[in-house]
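Fair warning: this is a prediction, and the values are worked out from it, not measured in the lab. Side chains are part of it too, since the values below use all heavy atoms of this structure and drop only hydrogens, waters and symmetry mates.
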Amino acid sequence: MDPKKQAELFYKSLGAADALSCKLLARGAQVQRGRIASLQIQVDELKQGKAPNEQIAKVEVEIAKRKELATKFDTLDKVIEKALEERAQLDKKKFK
């Protein structure tokens with residue numbers, strides 16, 4: 001196989017791996033937001049059941065951590081997506 005064609009295929013496979021990472025990060029953020037919603041329901045139920053404040057505080061701390069994690073996943077997803085767009089524009093020039 002032509003070395004240039006091999007290099008092009010390898011380069012494109014890296015791009016495909018980055019695109020998969022984007023999808024996984026987006027999915028991870030969705031999972032975290034789903035868990036946040038579930039925990040919020042749990043907090044509401046604990047408050048209605050007059051649970052101890054310490055127990056409610058533990059769940060609220062977990063909610064805060066999951067919100068932070070979801071935000072980080074979203075940020076990474078956007079950065080990788082932007083890099084992929086820039087790479088695609090460079091590829092148009094490079095492989096024509």
Side-chain angles (χ1 to χ4, degrees):
M1 181 181 263
D2 179 27
K4 281 189 174 187
K5 188 66 175 172
Q6 279 183 317
E8 179 182 352
L9 290 174
F10 177 73
Y11 184 75
K12 287 183 178 180
S13 72
L14 292 177
D18 288 344
L20 177 62
S21 294
C22 256
K23 289 179 183 179
L24 291 174
L25 286 166
R27 178 69 50 94
Q30 290 172 345
V31 168
Q32 294 305 318
R33 284 191 285 274
R35 185 66 178 129
I36 290 167
S38 172
L39 289 169
Q40 190 59 53
I41 291 170
Q42 186 178 351
V43 166
D44 294 342
E45 289 173 354
L46 288 171
K47 286 180 180 178
Q48 288 177 354
K50 306 293 185 203
N53 288 339
E54 298 84 30
Q55 189 177 6
I56 294 170
K58 286 180 185 179
V59 178
E60 288 175 339
V61 166
E62 186 177 350
I63 288 172
K65 288 179 182 178
R66 290 186 181 273
K67 281 182 182 179
E68 183 181 340
L69 188 58
T71 301
K72 287 179 181 180
F73 282 165
D74 285 333
T75 302
L76 286 170
D77 177 32
K78 289 175 186 173
V79 168
I80 293 172
E81 191 174 307
K82 183 177 178 184
L84 287 172
E85 289 170 4
E86 291 172 1
R87 175 189 271 172
Q89 289 185 1
L90 290 172
D91 288 351
K92 285 181 186 177
K93 297 174 187 174
K94 185 175 185 177
F95 293 119
K96 282 191 175 184

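- With rounding to the nearest 0.5 angstrom, the CD1 atom of I63 is 9.0 Å from the CZ atom of R35.
- Residues A29 and D74 approach most closely at CB-OD1, 3.2 Å, considering heavy atoms.
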Would L46 and K58 count as a side chain to side chain contact (heavy atoms under 4.5 Å, CB included) if you check the C-alpha gap in whole Å, the side-chain angles of each, and the deciding distance to 0.1 Å?
CA-CA 11 Å; L46 288 171; K58 286 180 185 179; over 6 Å; no
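- To the nearest 0.5 Å, the span separating CD on E60 from CD on Q42 amounts to 11.0 Å.
- Q32 pairs in a side-chain hydrogen bond (donor to acceptor under 3.5 Å, both in side chains) with only one of the listed residues (K67, R66, K65, R27), which is R66.
- Taken together through direct or relayed side-chain contacts under 4.5 Å among Ile, Leu, Val, Met, Phe, Trp and Tyr, I80 and L69 form part of one hydrophobic cluster.
- At distances below 3.5 Å, not a single donor-acceptor pair connects side-chain atoms of S38 with backbone N or O atoms of G34.
- Remark: L24 CG to L76 CG distance equals 12.0 Å, nearest 0.5 Å.
- A salt bridge links K72 with E68: the closest approach of a Lys/Arg side-chain nitrogen to an acidic carboxylate oxygen falls below 4.0 angstrom.
- With values rounded to the nearest 0.5 angstrom, E45 atom CD is found 11.5 Å from I56 atom CD1.
- The only option from R87, E86, K82 that meets the side chain to side chain contact (heavy atoms under 4.5 Å, CB included) definition with L84 turns out to be R87.
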